[in-house]
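When reading the values below, keep in mind they use all heavy atoms of this one structure, side chains included, and skip hydrogens, waters and symmetry mates. Letters A, B, ... are given to chains in the order of the sequence lines, protein chains preceding strands, and every chain is numbered from 1. Computed from a prediction, not measured in an experiment: that's the story for all the values here.
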There are 2 protein chains.
Amino acid sequence: MTKLEDVAEEAGVSASTVSRALSRPDMVSEATRTRVLDAAERLGYRHNQAARALVTGRTGLLAFSVPSLANPYYAPVIAGAQAAAEEAGCELIVVVTDGSAEREQALYARLSERVDGFAAAAPVSAGTQLSQVARKRPLVTLNRRVRGVSSVVVDTPAGMGALGGHLAGLGHRRIAYLGGPDGSWLDPRRLSALREAVPDCEVAALGPYPPEFEAGVRAADAVLDTGCTAVIAYSSTLLIGLLHRLTLLGKSAPHDLSLACADDLSASGLAMPEVTALHVPAAEAGRRAVQRLLETVTSGPTAATHQLLPVELLTRASTGRPAA
Amino acid sequence: MTKLEDVAEEAGVSASTVSRALSRPDMVSEATRTRVLDAAERLGYRHNQAARALVTGRTGLLAFSVPSLANPYYAPVIAGAQAAAEEAGCELIVVVTDGSAEREQALYARLSERVDGFAAAAPVSAGTQLSQVARKRPLVTLNRRVRGVSSVVVDTPAGMGALGGHLAGLGHRRIAYLGGPDGSWLDPRRLSALREAVPDCEVAALGPYPPEFEAGVRAADAVLDTGCTAVIAYSSTLLIGLLHRLTLLGKSAPHDLSLACADDLSASGLAMPEVTALHVPAAEAGRRAVQRLLETVTSGPTAATHQLLPVELLTRASTGRPAA
DNA sequence: TTGAAAGCGGTACCAG
DNA sequence: CTGGTACCGCTTTCAA
């Protein structure tokens, strides 16, 4: 591999100068800079991250943990995170936690000396544990807010409020909410927001359900049993399963039941069955989390920031007035 | 951070001895080994990967590329890969390529000096490009076979043959195959295998389709237009979309149409609608790919190996005799 | 079997 | 603004 010294020789300067020209361009004269950059280009020079990490203490690696990859929700989140990391010349180590606090803690322990920081999507560890981690390493949580830890949260609770308002406005008085998964920080907040938004309605909270097609299938009968005229599923895969089963039972939306989803459907490539849903800026959330993480990494510990990303209510054909 | 020297002091030996005790236990005496291990334990010593990488040239990082994370197929694949990497003390850098050859090449260029090797799931780059990469860095392909490059391939073509035999045995003579995605190496091989297995049948190849619910919805009419009595979808999400649309049209399986999936349904949490499908050892495939990669990394370049993993035909209620 | 010493490829301080 | 030099933490000769 071509190293600094090779470039130095090619450019007729010292290794230190090459290092500066590459990392702090403003510390060398215009002339040498171009000469060095030229030489580096000619030789196809690339930084040796290990060597750099050894002296700077920064590895250029970020850990990004997600509860699961089976939920398509995280596909755009990771895409956004990856894009942000790449722009900063960093790489993402994606780790799946299966929604287990132990696995989360294990990964913090295992990786804390290998990465510059952690982004944790929907972590289930105790708040105190997360604060602890944040004291040792830069940490940003996604869809979870902990005192003293920077976070990016998609405001689905507000979206649930809007969704509730929409349904109540159509005349619904009994609404079912298919919640889940266990340990979710957002889930109870969505439910509360919904209840507050529709004080005149009865809200039947069902669940928890995993974000899977089959869970939606299973949930259908429970939903019908509640006698609700509208149902909100917290995830798109859940909704699709529900939809499937209801169709099989000869129920159609919005005629027999209004159907809505508290999650984005576009990740599932779902526009065809026109389902009322919340548009969630998932890629943006992933991007923001990593950007914020990089700020902390670069500028050292600062006061925690909490970003709340708005969601948009997309009213479509699956919701309507309840049957008399 | 506690370093080698700290442990050395604690154990009353030199740093070199600690290094040996930790990395080549058989090179030190029983007594010192335990003493060193004790000391290391006491101090909570952890290797500094950067320092180690600088001298050994091995980073303990593996790149794992996948076309997409929206397809739940890759969730177990990555889980298996991650487990194998973790057992070897390595970390996985997961990169999404969106099925683009340029992005694949870009990632090889970007990462080739940062990782010990590459595992590429369903890469679309030209075979010559992949061979080229393999010459510079250990490379294992998954669901793609290239001369001279180690590979792990799930034998879905054989599975398609079995599926075809099953359908033909039931009396089907016109079978539709919903294929995709573009650039897939396996896809044409599955189609050929199907055709060979059912020489008496007419096989209508539809597609390519992306592995999305909505694509399945859209495909339904095309399927009905073919007048086929059975349909095989290449991915589970596609199948679910198809199933939804067919149900909506009042068609039921297997009465109106036999339905099968060339992909595993369990990743989608799908057992309820009893769909005939291939069971694909996805986690095992991911695990094997990484294990083989690690072998190459450890033992240096050896002859390429090609592993073919069998799939299992799960015959369920969605397939039956065609309606007279 | 063990210790001393020489780097691995960079960065950053210190003179000049 | 530039070059010389001392490390960063670990592995690996080379001697003892």
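For the pair B:Arg20 CZ and D:dT13 C1', the interatomic distance rounds to 10 Å; values are reported in whole Å. In this structure, the CZ atom of A:Arg114 is 17 Å from the P atom of D:dG9, given to the nearest Å. In this entry the distance linking CD of A:Glu113 with P of D:dG9 reads 12 Å, nearest Å. Nucleotide D:dT11 holds its C1' atom 15 Å from the NZ atom of B:Lys3, rounded to whole Å. Separating the CG atom of A:Asn48 from the C1' atom of D:dC10 is a distance of 14 Å, rounded to the nearest angstrom. For the pair B:Arg58 CZ and D:dC10 P, the computed distance is 17 Å after rounding to whole Å. Rounding to whole angstrom units, CZ of residue A:Arg52 and P of D:dC8 are separated by 19 Å.
The 5' end of DNA chain C is approached more closely, in terms of each residue's nearest nucleotide, by B:Ala15 than by the other of B:Leu54 and B:Ala15. Comparing A:Glu5 and B:Gly12 against DNA chain C, the residue whose closest nucleotide sits nearer the 5' end is B:Gly12.
For B:Ser100 and B:Thr97, the side-chain atoms include no donor-acceptor pair closer than 3.5 Å. Judged purely by distance below 3.5 Å, without hydrogens or angles, the side chains of B:Gln105 and B:Ser125 pair a donor atom with an acceptor atom. Under 3.5 Å, the side chains of A:Ser19 and A:Ser16 contain no donor-acceptor pair of N or O atoms.
A:Leu92 and A:Ile78 get closest at one heavy-atom pair: CD2-O, 4.4 Å.
Ion pairing between a basic and an acidic side chain is recognised when a charged N comes within 4.0 Å of a carboxylate O; A:Arg137 and A:Glu113 show no such pairing. By the 4.0 Å N-to-carboxylate-O rule, A:Arg287 lies close enough to A:Glu87 to be salt-bridged with it.
Remark: A:Arg24 in residues 24-32 of chain A come within less than 4.0 Å of DNA chain C through at least one heavy atom.
Terminal axes of the helix from C:dT1-D:dA16 to C:dG16-D:dC1 (five pairs each, C1' rotation axis) are separated by 40°, to the nearest 10°.
Of all nucleotides in DNA chain C having an atom under 4.0 Å from a heavy atom of chain A, the first and last in 5' to 3' order are C:dG9 to C:dC13.
B:Arg42 CZ: more than 12 foreign heavy atoms inside a 6.0 Å radius. Within 6.0 Å of CZ in B:Arg33 there are more than 12 heavy atoms belonging to other residues, nucleotides or ligands.
The only member of B:His47, B:Arg46, B:Gln49 that meets side-chain contact (heavy atoms from CB on, under 4.5 Å) when paired with A:Arg114 is B:Gln49.
A:Met1 is not listed as a side-chain neighbour of A:Asn48, based on a closest heavy-atom distance of 4.5 Å or more.
Taking side-chain N and O atoms only, B:Ser19 has no distance below 4.0 Å to OP1 or OP2 of D:dT12. Considering only side-chain N and O atoms, A:Thr17 lies under 4.0 angstrom from the phosphate OP1 or OP2 of D:dG3.
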List the steps, then state whether side chain to side chain contact (heavy atoms under 4.5 Å, CB included) holds for A:Val95 with A:Phe118.
-> CA-CA 10 Å; A:Val95 189; A:Phe118 293 95; over 6 Å; no

